Amino acid sequence: MKKKILITCAILLVLIIAARLYRQIAKAQLLVKPYLQLGSDGLKVLWHTTDWDETWSLEITGEHPFKSSVVYPEMRRVKVPTIAAHRVYCADLPRLTAGERIGYRLLKGQSSVFNASTLAPKSTREPYRFVVFGDCGAGTSSQLAVAYQTYLAKPDFVFITGDIVYSSGRISQYRQQFFPIYNADQASPTVGAPLLRSTLFVAAPGNHDILERDLGRYPDGLAYFLYWAQPLNGPLETVGSPNSPTLEGAKKNWTPFLEAAGKNYPRMANFSFDYGNAHWIVLDSNPYVNWTDPSLRAWISKDLTSTKSATWRFVGFHHPGFSSAKVHFNDQWMRVLSDVFEQGAVDIVFAGHVHNYQRSFPLRFRTNPGTEKLISDLGRVDGTWTLDRSFDGKAKTKPEGVIYLVTGAGGAGLYNPEQQSVPSSWQGFTARYYAEKHSLTQVDVNDRTLSVRQVSEDGNEVDRFTLTK
Ligand SMILES: [Fe+2]
């Protein structure tokens with residue numbers, strides 16, 4: 001009898017130890033390493049974990065010891081069909097001094113599991129650099145090479161002009177073609193680079209991110225609203241708002257998505273932010289949005305005029321208003337906003353969608369009456385443009401009009417390289433066209449001087465121009 005009790009106790013002890021070991025192994029694991037986001041009011045660090053309770057915290061170290069602190073994150077649970085439930089943690093970096101070097105350490109309980117450092121966003125007086133590219137998360141060798149060139153450029157932030165991951169903006173695609181490449185542990189043209197952990201990323205949503213919104217077909221779709229933390233100051237305030245990416249497909253999958261997305265959906269489709277001495281507006285250019293809608297146009301106008309102190313004004317969205325490439329030639333409906341951008345003194349509009357690089361002459365555009373894009377009409381918008389052909393970005397650096405850049409060569413297959421050497425195939429507004437290789441746009445801002453370089457995936461400069469105020 002005594003022996004039986006001893007054996008039973010021993011078995012129980014083994015089971016308890018095994019259960020504890022299992023919990024040690026199986027409990028909260030890091031699924032996605034920390035990445036930097038803008039959030040609504042400053043820099044945030046996000047990371048993803050398995051769906052286990054754990055005390056996560058972020059230990060922050062500033063340049064001054066008294067600024068060290070521990071931040072406990074907010075958490076959203078993502079429990080959508082086809083994907084194991086997981087958690088998205090989001091921690092604010094507190095009390096940032098512009099341009100300050102900040103270190104952070106991610107703690108699971110008391111254990112340090114990850115550390116990195118970054119620079120706090122620059123002040124209005126400091127010079128800074130940003131990189132722009134789009135159409136990137138395709139899992140190609142060129143995506144890796146562009147990521148590596150971006151890393152070499154050491155930008156203060158990266159702006160993605162949409163089509164962040166192919167081909168349907170799904171959680172599964174972020175895990176394969178976004179996080180591992182832009183947050184790789186090593187920097188290499190064949191691997192990617194450790195960018196996201198130390199460099200702020202901001203993005204506009206493209207058609208491959210949020211146009212496909214049939215949650216029956218892709219229950220893990222619309223991951224843009226789950227994984228990005230961008231300002232919630234745009235015009236779409238409620239679910240079902242006109243001009244928003246309304247949900248489609250199996251209704252049973254809507255609630256899990258809405259619960260996981262929280263306030264991000266649909267408001268994060270459009271927003272504005274300030275960085276350094278510039279003001280940015282980021283727009284959803286997908287075809288369900290009617291940008292002739294007076295209330296939307298008024299939102300842009302008001303936003304641009306309310307930032308009088310900004311030296312530079314930039315706009316970013318996916319579908320270019322001005323492109324010469326034959327692919328997607330009829331997708332140029334965003335030119336209906338040209339007059340709003342001109343009145344708001346916008347300097348450069350960054351777009352993607354077309355997988356190459358194009359620079360317009362500084363231009364002003366007037367839509368022909370009656371040819372404005374209607375919400376159900378995906379056709380071209382005809383009109384007349386006035387070009388500043390005297391601007392060369394070297395001797396003459398004060399443009400008359402807005403410069404429109406297409407920079408959609410971040411990784412997905414290039415479009416119409418055969419047009420590069422045939423300027424007669426370009427529209428009159430196109431000043432430069434580069435489609436031979438993938439490339440990125442590097443912008444250096446120093447007070448009232450702005451220098452733009454287009455850099456190929458192998459590190460060669462393929463265009464350069466300067467703007468001054
Ligand atoms: Fe696109």
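Whatever order the structure lists them in is the order used to number ligands and atoms, beginning at 1. All residue numbers in this chain count up from 1 along the given sequence. Everything numeric in this text was worked out from a predicted model, so none of it was measured.
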Name every donor-acceptor pair, under 3.5 Å, that has one atom in a side chain of residues 250-257 and the other anywhere in the protein, sequence neighbours excluded.
residue, atom, partner, partner atom, Å
Asn253, ND2, Leu215, O, 2.7
Trp254, NE1, Glu248, O, 3.2
Trp254, NE1, Gly249, O, 3.2
Trp254, NE1, Ala250, O, 3.4

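Between His355 and His328, the angle of the ring planes goes over 60°, which puts this pair in the perpendicular group of the 30/60° scheme.
When atom types are taken as modelled, the side chain of His318 and the backbone of Thr161 share a donor-acceptor pair closer than 3.5 angstrom.
Applying the side-chain hydrogen bond (donor to acceptor under 3.5 Å, both in side chains) rule to Ser456 yields the partners Asp458; only residues at least two apart in sequence or on another chain are considered.
Pairs passing the side chain to side chain donor-acceptor pair (under 3.5 Å) check and including a residue from residues 176-191, sequence neighbours excluded, read Lys33-Asp185, Gln143-Tyr182, Asn183-Arg197, Asp185-Arg197, Ser188-Thr190.
Looking only at atom types and distance, the side chain of Tyr434 has no donor-acceptor partner in the side chain of Asp463 under 3.5 Å away.
The set of protein atoms (N, O or S) found at less than 2.8 Å from the Fe ion (ligand 1) reads Asp163 OD2, Asn207 OD1, His318 NE2, His353 ND1, by chain and number.
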